[in-house]
There are 2 protein chains.
Amino acid sequence: MALEHAILVSLLEKPGSGYELARRFERSIGYFWTATHQQIYRVLKRMEGDGMLAVREVPQQGRPDKKEYSVAAPGRAALSQWLHEPVEPESLRHDLAVKIRGAAFDDPAALVREVERHRQAHADRLAHYLAGQVRDFTGPEAPAPLDAGQELQHVVLRGGIAYERMTIAWLDDVLATLHRLAERPPHARG
Amino acid sequence: MALEHAILVSLLEKPGSGYELARRFERSIGYFWTATHQQIYRVLKRMEGDGMLAVREVPQQGRPDKKEYSVAAPGRAALSQWLHEPVEPESLRHDLAVKIRGAAFDDPAALVREVERHRQAHADRLAHYLAGQVRDFTGPEAPAPLDAGQELQHVVLRGGIAYERMTIAWLDDVLATLHRLAERPPHARG
DNA sequence: ACTAACATGTAAGCTGTTACATGATTAT
DNA sequence: ATAATCATGTAACAGCTTACATGTTAGT
């Protein structure tokens, strides 16, 4: 399971609390792995018990105390071992594709609004990624030259950008197909 | 959960046994939704109990008997209802991206072979999809004109093809990045 | 004899989601 | 007052994965 490993990577990049991790999973790490705070707290506790993480209670002024987690030696070793093991290439799980094929047994035109909604969500994500790319990697505020960690973060972000662009283009193809089907004379629908 | 709905779509396209469904989930349906036979048998039983599916025992010669499932009226209604409900745009779960960011804390060059392996897997899938496209939709053996169901299957397949092409191009970008980092003088790494 | 394909299941364990629960501080 | 943000958890349930389990027929 990669949630543990995603947490190890994130904490190596910067130690932090469960709450902070949950927010990172809504942003940068979340571009390729999602997790809710409930999951994160459960896994942090387990990993702490396994000796993978070290905890430090940090008293704060004007805010509740927090537990700052950082990666202990066994955690770093576990990550290193995982990096050297092969993982299976992902298989997709795409509800919308199921819906599109299902539309053959319902009204294809009824899907148009849903597909447009998805297109908008992907366009928003793309805009967000592009802004992040300029801010962190290509803009005047970005460090130059980038270190290895930043280069690797950038290539992952480029993957997210490519994914969103591809998805938007495909959803346009889907919309065009749905419109073509809606214009067919009834006897040709089948 | 979309497994039920994926099963409904598949059985509407063609009734079949749990075993046959499991094979379809390794092929066409599996392009965008995966499931193992254990999952499928369990869900089929539940759906049958809920009255969504009808079963027919089919004796076979030279083979074990099979249970052929088909969609009953309540199943069709449930699919239709789901088609009219919005679903959340998917979030990615990509182990390899976690590994790439993790490589900053290990040896980036050690990831090259893993990335190449993934690239090969995606190239194989792309070849498989392209062959299917010619066989079912664009080749001389394919029906012309396509009916609505076939048009929708084709646009989903085009999505799979676009996904594999995008992924292969991104993995080439990843490989180029890893090679660039490996060529850096040691003082410029970290 | 052995392997592959056909065919269907159970059990245990892990992962993930949703709902519930609490409490402080800061800004409007 | 009210809402938002910070901060951490529990409980119940649903879904998925892995291992185990059985038996037939067809091909080499």
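All chains are named by letter (A, B, ...) in the order of the sequence lines, taking the proteins before the strands, and each is independently numbered beginning at 1. If you're wondering where the values come from, they're calculated on a predicted model, not measured in any experiment.
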From C-beta outward on [X], which listed nucleotide comes closest to its side chain: [options]?
X       : options               : result
A:Lys67 : D:dG9, C:dT8, C:dG9   : D:dG9
B:Trp33 : C:dA7, D:dC16, D:dT17 : D:dC16
B:Tyr69 : C:dG9, C:dG16, C:dT15 : C:dG9
A:Gln38 : C:dC6, C:dA19, D:dT8  : C:dA19
A:His37 : D:dC16, D:dG9, C:dT8  : D:dG9

With DNA chain C as reference, determine whether A:Gln39 or B:Glu20 sits nearer its 5' end, using the nearest nucleotide of each.
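The residue whose closest nucleotide sits nearer the 5' end is B:Glu20.
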Taking only Lys NZ, Arg NE, NH1 and NH2, and the carboxylate oxygens of Asp or Glu, determine whether [X] and [Y] approach each other closer than 4.0 Å.
X        : Y        : result
A:Glu57  : A:Lys66  : no
A:Glu13  : B:Arg101 : yes
A:Arg184 : B:Glu151 : yes

For [X] and [N], what is the distance between atoms [atom1] and [atom2] respectively, to the nearest whole Å?
X       : N      : atom1 : atom2 : result
B:Leu44 : C:dA7  : CG    : P     : 14 Å
A:Met47 : C:dT15 : CE    : C1'   : 15 Å
A:Leu21 : D:dC6  : CG    : C1'   : 15 Å
A:Glu68 : D:dC6  : CD    : C1'   : 15 Å
B:Ile40 : D:dG15 : CD1   : P     : 15 Å
B:Arg56 : C:dT8  : CZ    : C1'   : 18 Å
A:Phe25 : D:dT8  : CZ    : P     : 15 Å
B:Asp65 : C:dC6  : CG    : C1'   : 12 Å

For A:Lys66 and A:Arg42, find the nucleotide of DNA chain D closest to each by heavy atoms; which residue's nucleotide sits nearer the 5' end?
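The 5'-side residue here is A:Lys66.
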Has [X] got a side-chain N or O lying under 4.0 Å from the OP1 or OP2 atom of [N]?
X       : N      : value
B:Tyr41 : C:dT8  : yes
A:Ser17 : D:dT8  : yes
A:Arg46 : C:dT15 : yes
A:Arg23 : D:dC6  : yes
B:Lys45 : C:dT8  : no
A:Tyr19 : D:dT8  : no

Testing B:Glu114, B:His94, B:His118 for side-chain hydrogen bond (donor to acceptor under 3.5 Å, both in side chains) with B:Lys99, which one passes?
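Filter result, single survivor: B:Glu114.
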Among side-chain atoms of B:Asp106 and A:His84, is any donor-acceptor pair under 3.5 angstrom?
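Side chains of B:Asp106 and A:His84: pair found under 3.5 Å.
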Is a side-chain donor-acceptor pair under 3.5 Å present for B:Glu116 with B:Gln120?
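Result is no, nothing qualifies.
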